[in-house]
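Comments concern the structure below.
We count ligands from 1, going down the list as the structure has it; atoms in each ligand are counted the same way. Computation of the quantities below employed the complete heavy-atom set of this structure, encompassing side-chain atoms and omitting hydrogens, waters and symmetry-equivalent molecules.
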Amino acid sequence: MQPEAVTEFKGHLRGALIEPTDPRYEEERKVYNAMISRKPRLIAKCADVADVITAVHFGRQHDLRVSIRGGGHNAGGLGVCDDGLVIDLSLIKYVHVDPAERTVRVGGGCTWGDIDHATHAFGLAVPSGIISTTGVGGLTLGGGMGHLTRQFGLTIDNLLAADMVLADGTFVVATADKNSDLFWAIRGGGGNFGVVTSFLFQAHPVRMVCAGPMLWDLDQAADIMKWYREFIVQAPGEINGFFAFLTVPPGPPFPEALHFKKMCGLVWCYNGALRPANQILGPLRSFRPPAFEFFAPMPFPMLQSMFDGLYTPGLQWYWKADFVKELSDEAIALHIKHGSELPTLHSTMHLYPINGAAHKPRNDDTPWSYRDATWSEVIVGVDPDPRNKDRITAWAKNYWEALHPYGAGGAYVNFMMEGEGEDRIRATYRNNYERLAQIKAKYDPNNFFRVNQNIRPEAVAKVSV
Ligand SMILES: Cc1cc2nc3c(=O)[nH]c(=O)nc-3n(C[C@H](O)[C@H](O)[C@H](O)COP(=O)(O)OP(=O)(O)OC[C@H]3O[C@@H](n4cnc5c(N)ncnc54)[C@H](O)[C@@H]3O)c2cc1C
């Protein structure tokens, strides 16, 4: 690549072009997971759609490996690539709420914290994840589950439209009526089909929620898990609760006596008033009174950022995941064995409910093919110290290997590392994989967008199968 070409590219951007010689380069190449250290040739910080179009043309003309970075949260580091071009969207940040239609138009570089902040003023929210620093782009395109899943479905179930720049640099709008095949594909198919510069979401009435964790000693974990597996499949949609093994952080609101203690917990979110919430959770409190609980009315954005302080950018992350249909007694016993051996303070295991409203669409209504699962399980090794990288990785792998036989087959694409293999991706999309590969062949026949959980264009896929 000639230096003149880079200079010309830079001249066309409203945003910034960061080269390795730039003093900002070291900071700009970082992603949320500090285990990832990739060295792109160029980072295009796009300010608008025109910049994205320019960057896509440049990447194609120079045959560069191209990654798309939204919030940079992908644990596999799929927002960055070695020796290629990063199309960074973090400057494309705006949130326009239409309170009459209850819709929200957001820029492709927003985080969920940006969106929650803007929608809360109108008593609205869009279903998303549980950490506010996560990017809207990656989370949405992979599916999106969080505290509102049981009431309002996955994030993709609330996506109404997307503005996109395709692999050939053309700009299209994808909705249920326009480019409907593309609209189907991006609701779970990840960043395979183009750069989404803007998302339009349906929002819902959510203002104050009653929410927070309840914790129990590990010797009660079997009882809690068994109670939870029965409860969550028939509970009202207004309540969401995920199960966790965790180590109690050494700070408020946790009492000192519990600091650093390994425990199990349920993190609740009830979209409504305290009295009905307490009625629903009363039987649990009587069955096994929690050792500690922090369940209280709070503004929804407070819940959404409750764990941000613990999971700050720059930690080491390694995770493994599966969808789970049934939680048998044997699986519970294995969970307790491995969950009791959390290797570090930040390491955890979560079981997120996939039921309630998330069960309404059929498996092929969107590419997200595990509507018949009950949970999405993620085993997460996390630590600030790079020297613990192998320890957290080995723990997560061992735990996952023990539980995988009890899983439903595939895993949530957003909970996979890089390079888990095509079999894992196929297992995740199940019968939807072929249709995704056909749509990929139509919109990105040369697999230009391949730094992702890659769906290869149909023709390429067939040659090598
Ligand atoms: C701490 C933490 C908590 C999380 N919690 C949840 C949770 O509660 N629920 C949940 O569902 N997931 C959760 N996730 C997983 C999360 O959904 C994925 O990590 C997701 O990839 C993050 O999106 P991002 O935009 O920040 O990522 P990035 O690393 O920026 O992007 C990841 C990939 O997404 C694609 N992409 C991103 N933006 C665009 C775009 N605008 N256009 C096209 N492609 C794009 C690209 O392929 C890119 O390689 C969590 C992750 C972390 C690290």
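When the options Ile68, Asn452, Val66, Ile130 are ranked by their closest heavy atom to atom 33 (C) of ligand 1, first place goes to Ile68. Which of Phe415, Tyr352, Tyr32, Trp112 comes nearest to atom 1 (C) of ligand 1 through a heavy atom is settled by distance: it is Tyr32. Nearest residue to atom 11 (O) of ligand 1 from Trp319, Phe199, Tyr412, Tyr311 is Tyr412 (criterion: closest heavy atom).
Residues satisfying the salt bridge (Lys or Arg N to Asp or Glu O under 4.0 Å) criterion with Glu326, sequence neighbours excluded, are absent altogether.
No heavy atom of Gly143 sits closer than 4.0 Å to any atom of ligand 1. Not a single heavy atom of Gly109 sits under 4.0 Å from any atom of ligand 1. Remark: distances from the non-hydrogen atoms of Gly144 to ligand 1 include one below 4.0 Å. Residue contact annotation: Leu141 has a non-hydrogen atom under 4.0 Å from ligand 1.
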Fill in: Residue pair Lys320, Glu420: steps toward the salt bridge (Lys or Arg N to Asp or Glu O under 4.0 Å) verdict
CA-CA 10 Å; Lys320 291 284 286 180; Glu420 293 206 16; 3.8 Å; yes
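Contacts of Phe449 with ligand 1, taken as heavy-atom pairs under 4.0 Å, are absent altogether. Counting heavy atoms under 4.0 Å from ligand 1, residue Asn414 touches it through both backbone and side chain. Counting heavy atoms closer than 4.0 Å to ligand 1, residue Thr133 contributes nothing at all. Neither the backbone nor the side chain of Asn192 has a heavy atom within less than 4.0 Å of ligand 1.
The side-chain hydrogen bond (donor to acceptor under 3.5 Å, both in side chains) test with Arg371 is passed by exactly one of Asp365, Thr366, Asp364: Thr366. Screening Arg456, Lys440, Arg426 against Glu434 for a salt bridge (charged side-chain N to carboxylate O under 4.0 Å, His left out) leaves a single residue, Arg426. Across Leu246, Ile379, Val380, a single residue satisfies side chain to side chain contact (heavy atoms under 4.5 Å, CB included) together with Met349, and that is Ile379.
The distance criterion of under 3.5 Å between nitrogen or oxygen atoms is met by Met145 with respect to ligand 1. No N or O atom of Leu89 sits closer than 3.5 Å to an N or O atom of ligand 1. Inclusion of Val196 in the set of residues having an N or O under 3.5 Å from an N or O of ligand 1 is warranted.
The two residues Ile156 and Ile186 come nearest to each other via the heavy atoms CG2-O, 4.4 Å. Contact detail for Phe242 and Tyr228: the closest heavy-atom pair is CA-OH, 3.7 Å. For the residue pair Asn414 and Gly138, the shortest heavy atom distance occurs at ND2-O, 3.1 Å.
Here the protein heavy atom with the shortest distance to atom 52 (C) of ligand 1 is His73 ND1, 3.4 Å.
Between Phe231 and Trp268, the distance separating the two ring centers is shorter than 6.0 angstrom.
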